[in-house]
Amino acid sequence: MLYHVRMDVRIPHDLDPDVRDDTIAREKAYAQELQRAGKWPHLWRIAGEYANFSVFDVESHDELHQILSGLPLFPYMDVQVTPLAKHPSDINN
Ligand SMILES: O=C(O)C[C@H]1C=CC(=O)O1
């Protein structure tokens, strides 16, 4: 199942810089592990924003929720999820 996800990152300005840097480093490692596993096939920066558009390829709503809620930056994100269905005009489907 494919999901389009928009993540807007809103780290509080008063967060301890060491905590911020550690959280971002852990986020990167977690994101890259999921990409290598094929669960996070697209990750794009939205130009000019601290936000991304992503596509996740997972088995269920529950798996997606588990992945998203496990993001180290999850407490500092607004997340919008859009489930994707096949388009009848897409020649690849
Ligand atoms: O920077 C972001 O967009 C937030 C998040 C998503 C992957 C990652 O490494 O950080």
Side-chain angles (χ1 to χ4, degrees):
M1 301 171 75
L2 295 174
Y3 297 85
H4 176 274
V5 178
R6 176 178 174 134
M7 302 178 207
D8 289 87
V9 185
R10 311 208 189 286
I11 298 174
H13 295 297
D14 60 353
L15 187 67
D16 181 286
D18 290 339
V19 173
R20 183 196 61 214
D21 293 350
D22 177 66
T23 304
I24 290 171
R26 287 187 293 110
E27 177 86 11
K28 182 173 183 175
Y30 183 75
Q32 292 187 338
E33 179 187 323
L34 287 162
Q35 289 169 67
R36 286 188 204 97
K39 299 286 181 185
W40 194 339
H42 288 278
L43 170 58
W44 294 94
R45 175 64 75 222
I46 300 175
E49 299 183 41
Y50 193 0
N52 72 72
F53 281 137
S54 291
V55 173
F56 286 85
D57 187 355
V58 294
E59 295 300 319
S60 64
H61 299 345
D62 289 336
E63 184 182 8
L64 181 68
H65 182 73
Q66 183 182 21
I67 286 171
L68 294 177
S69 59
L71 291 166
L73 282 173
F74 185 73
Y76 311 118
M77 282 179 174
D78 291 332
V79 180
Q80 289 181 310
V81 175
T82 307
L84 300 175
K86 292 182 180 185
H87 194 291
S89 301
D90 184 348
I91 60 171
N92 298 305
N93 281 324

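Note that these values count all heavy atoms, side chains included, but never hydrogens, waters or copies made by symmetry. Not measured: the values here are computed from a predicted model. Counting convention: from 1, in listed order, for ligands and their atoms alike.
- For the residue pair S54 and W40, a side-chain donor N or O sits within less than 3.5 Å of a side-chain acceptor on the partner.
- The pair R20-D22 does not count as a salt bridge, with every side-chain nitrogen at least 4.0 angstrom from each carboxylate oxygen.
- Of all non-hydrogen atoms in P12 and Y76, the two that sit nearest each other are CD-CD2, 3.5 Å.
- Shown in contact with W40 at under 4.0 Å from a heavy atom are these atoms of ligand 1, numbered in order with element: 6 (C), 7 (C).
- Ligand 1 has no N or O atom lying under 3.5 Å from any N or O atom of Y50, backbone or side chain.
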* To do: Show your working on side-chain hydrogen bond (donor to acceptor under 3.5 Å, both in side chains) between D62 and S60 and close with a plain yes or no.
  => CA-CA 5 Å; D62 289 336; S60 64; 5.0 Å; no
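- Ligand 1 does not have W44 within reach: every non-hydrogen atom of the residue lies 4.0 Å or more from it.
- For an aromatic pair to be called close, the ring centres must be under 6.0 Å apart, and F56 with H4 fails this.
- Residue V9 touches ligand 1 through its side chain alone, judged by heavy-atom distances below 4.0 Å.
- In the vicinity of N52, heavy-atom distances shorter than 4.0 Å reach the ligand 1 atoms 2 (C), 3 (O), 4 (C), 6 (C).
- Below 4.0 Å from some heavy atom of M77 lie the following atoms of ligand 1, by number and element: 4 (C), 5 (C).
- With a 4.5 Å cut-off on side-chain heavy atoms, M1 and E63 do not count as touching.
- Of the candidates R26, E27, K28, M7, E27 brings a heavy atom nearest to atom 10 (O) of ligand 1.
- Of the protein's non-hydrogen atoms, R45 NH2, 2.8 Å is the one closest to atom 1 (O) of ligand 1.
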